[in-house]
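These notes are about the structure you will find just below.
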Amino acid sequence: MKNLKGIFSALLVSFNEDGTINEKGLRQIIRHNIDKMKVDGLYVGGSTGENFMLSTEEKKEIFRIAKDEAGDAIALIAQVGSVNLKEAVELGKYATELGYDSLSAVTPFYYKFSFPEIKNFYETIIRETGSPMIVYSIPFLTGVNIGVAQFAELFENPKIIGVKFTAGDFYLLERLRKAFPNHLIYAGFDEMMLPATVLGVDGAIGSTFNVNGVRARQIFELAQQGKIKEAFEIQNVTNDLIEGILGNGLYQTIKGLLEEEGVQAGYCREPMTKSLTDAQKKVVKELKAKFL
Ligand code: NGF
């Protein structure tokens with residue numbers, strides 16, 4: 001297994017206007033991440049990949065293309081979580097056979113699953129695939145909050161190697177870091193990367209790294225070296241960019257920025273708004289001029 005620490009782009013997926021996967025564009029996004037953003041790895045099939053709007057076959061297709069394009073150049077994590085456990089297992093088996101370095105799965109959502117049900121969800125995927133697993137905790141979207149005692153129960157399974165922590169609860173992050181010094185913890189909010197790194201995360205997984213990966217690494221490495229003032233300055237610039245992205249449409253704007261870089265990032269998948277208005281395209285050009 002590769003080193004799973006460091007900077008991971010949450011991979012965007014290029015779609016054609018009719019919603020089908022644009023393979024050429026997807027390969028270009030992957031290359032851009034490897035060659036220009038110099039990321040340590042890709043998180044494939046996450047929120048940023050518009051994953052929860054796709055069919056099982058489309059999810060597999062994206063896993064296949066990402067592995068084929070990236071090869072062994074960087075680490076690859078496959079997000080296989082789904083409220084359909086059978087689908088999660090099927091995707092987990094597929095990504096494992098393709099040679100992904102780890103699986104990850106979002107906590108099952110929509111229904112109010114009990115903790116034993118959530119634990120069974122992870123243990124079933126692990127038992128069926130034999131792969132390592134990173135819990136994807138994103139309470140603001142799933143409504144699922146997992147505390148220190150519950151993480152301790154999950155981490156009793158040696159295959160559960162870490163958590164992608166997409167939350168702003170830094171008290172919980174500090175408690176987790178202290179309680180589990182040997183598990184991988186990834187920061188999930190790019191705009192809070194500096195404080196998360198000060199609290200000792202092992203890496204970060206983010207959507208904006210597709211266009212801002214170089215700055216993300218600088219923040220991460222400077223903070224690890226204790227150069228907080230320097231890291232803070234780069235986080236400030238990063239957050240000016242992120243504020244612009246969030247105010248203009250998250251994934252559409254990152255795709256627009258990639259298009260400005262010559263990458264066919266394409267459309268978003270409905271029911272998300274497929275593309276930017278002319279006014280939003282103007283903002284993209286301003287963001288590119290200022291930040292890229
Ligand atoms: O896009 C979201 C959800 N969060 C991402 C990241 O945590 C998601 C984050 O980078 C992810 O890794 C994935 O599953 O694809 C934000 O987009 C960023 O911090 C801006 O808020 O909201």
Side-chain angles (χ1 to χ4, degrees), residues 4 6-14 26 29-30 33 37 39-54 59 62-63 66 75-82 88 91 95 100 102-109 133-144 162-170 173 184-197 201-213 215-217 219-220 234-235 237-258 265 268-269 272-273 287 291:
L4 290 175
I7 303 299
F8 283 66
S9 275
L11 185 66
L12 288 156
V13 174
S14 178
L26 175 55
I29 297 173
I30 295 162
N33 272 295
M37 296 296 105
V39 294
D40 298 302
L42 291 174
Y43 188 80
V44 185
S47 329
T48 307
E50 302 174 53
N51 174 75
F52 303 104
M53 295 173 284
L54 306 183
K59 293 175 190 182
I62 291 162
F63 287 142
L76 292 176
I77 301 172
Q79 195 297 121
V80 300
S82 162
L91 292 171
Y100 274 69
S102 180
L103 302 180
S104 178
V106 70
T107 50
F109 50 90
M133 169 63 69
I134 295 161
V135 174
Y136 181 4
S137 177
I138 181 163
F140 96 100
L141 289 181
T142 59
V144 179
V163 54
K164 167 163 146 44
F165 185 90
T166 306
D169 184 346
F170 285 124
L173 178 56
L184 292 165
I185 305 181
Y186 299 92
F189 275 129
D190 317 355
E191 52 275 46
M192 300 185 221
M193 191 173 168
L194 170 55
T197 308
V201 295
D202 302 287
I205 299 171
S207 63
T208 62
F209 305 165
N210 285 273
V211 290
N212 195 50
R215 280 197 196 94
R217 177 179 302 287
I219 297 167
F220 186 60
I234 302 171
Q235 184 77 69
V237 177
T238 287
N239 286 4
D240 289 343
L241 168 61
I242 293 177
E243 190 175 22
I245 290 173
L246 290 174
N248 201 51
L250 176 58
Y251 306 129
Q252 294 88 347
T253 301
I254 303 176
K255 286 183 177 182
L257 287 167
L258 282 168
C268 284
R269 174 79 171 242
M272 271 190 196
T273 306
L287 292 174
F291 297 105

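Both ligands and their constituent atoms are indexed starting at 1 by order of listing. Just so it is clear, the values below take in all heavy atoms, side chains as well, and ignore hydrogens, waters and symmetry mates.
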*Counting only N and O atoms by type, is there a donor-acceptor contact under 3.5 Å from the side chain of Asp190 to the main-chain atoms of Thr208?*
yes

*Test side-chain contact (heavy atoms from CB on, under 4.5 Å) applied to Leu246 - qualifying residues, sequence neighbours left out*: Glu191, Ile242, Leu250

*With Asn212, which residues qualify under side-chain hydrogen bond (donor to acceptor under 3.5 Å, both in side chains), at least two apart?*
Arg215, Thr238

_Taking side chain to side chain donor-acceptor pair (under 3.5 Å) as the criterion, tell me which of Ser102, Ser104, Ser9 meets it with Tyr43._
Ser104

*Tell me the salt bridge (Lys or Arg N to Asp or Glu O under 4.0 Å) pairs involving residues 39-50, sequence neighbours left out?*
Asp40-Arg217, Glu50-Lys255

Between ligand 1 and the protein, find all N/O pairs closer than 3.5 Å and give the distance for each.
{"unit_1": "ligand 1", "atom_1": "1 (O)", "unit_2": "Tyr251", "atom_2": "OH", "d": "2.7"}
{"unit_1": "ligand 1", "atom_1": "7 (O)", "unit_2": "Lys164", "atom_2": "NZ", "d": "3.1"}
{"unit_1": "ligand 1", "atom_1": "7 (O)", "unit_2": "Thr166", "atom_2": "OG1", "d": "3.4"}
{"unit_1": "ligand 1", "atom_1": "7 (O)", "unit_2": "Gly188", "atom_2": "O", "d": "2.6"}
{"unit_1": "ligand 1", "atom_1": "10 (O)", "unit_2": "Asp190", "atom_2": "OD1", "d": "2.8"}
{"unit_1": "ligand 1", "atom_1": "10 (O)", "unit_2": "Asp190", "atom_2": "OD2", "d": "3.1"}
{"unit_1": "ligand 1", "atom_1": "10 (O)", "unit_2": "Ser207", "atom_2": "N", "d": "2.8"}
{"unit_1": "ligand 1", "atom_1": "10 (O)", "unit_2": "Ser207", "atom_2": "OG", "d": "3.2"}
{"unit_1": "ligand 1", "atom_1": "12 (O)", "unit_2": "Lys164", "atom_2": "NZ", "d": "2.7"}
{"unit_1": "ligand 1", "atom_1": "14 (O)", "unit_2": "Ser47", "atom_2": "N", "d": "2.8"}
{"unit_1": "ligand 1", "atom_1": "14 (O)", "unit_2": "Ser47", "atom_2": "OG", "d": "3.1"}
{"unit_1": "ligand 1", "atom_1": "14 (O)", "unit_2": "Tyr136", "atom_2": "OH", "d": "2.7"}
{"unit_1": "ligand 1", "atom_1": "15 (O)", "unit_2": "Ser47", "atom_2": "N", "d": "3.1"}
{"unit_1": "ligand 1", "atom_1": "15 (O)", "unit_2": "Thr48", "atom_2": "N", "d": "2.8"}
{"unit_1": "ligand 1", "atom_1": "15 (O)", "unit_2": "Thr48", "atom_2": "OG1", "d": "2.7"}
{"unit_1": "ligand 1", "atom_1": "17 (O)", "unit_2": "Ser207", "atom_2": "OG", "d": "2.7"}
{"unit_1": "ligand 1", "atom_1": "19 (O)", "unit_2": "Asp190", "atom_2": "N", "d": "2.9"}
{"unit_1": "ligand 1", "atom_1": "19 (O)", "unit_2": "Asp190", "atom_2": "OD1", "d": "3.3"}
{"unit_1": "ligand 1", "atom_1": "19 (O)", "unit_2": "Glu191", "atom_2": "OE1", "d": "2.5"}
{"unit_1": "ligand 1", "atom_1": "21 (O)", "unit_2": "Glu191", "atom_2": "OE1", "d": "3.4"}
{"unit_1": "ligand 1", "atom_1": "21 (O)", "unit_2": "Glu191", "atom_2": "OE2", "d": "2.7"}

*In Å, rounded to the nearest 0.5 Å, how long is the span from OG of Ser207 to CG of Leu12?*
7.0 Å

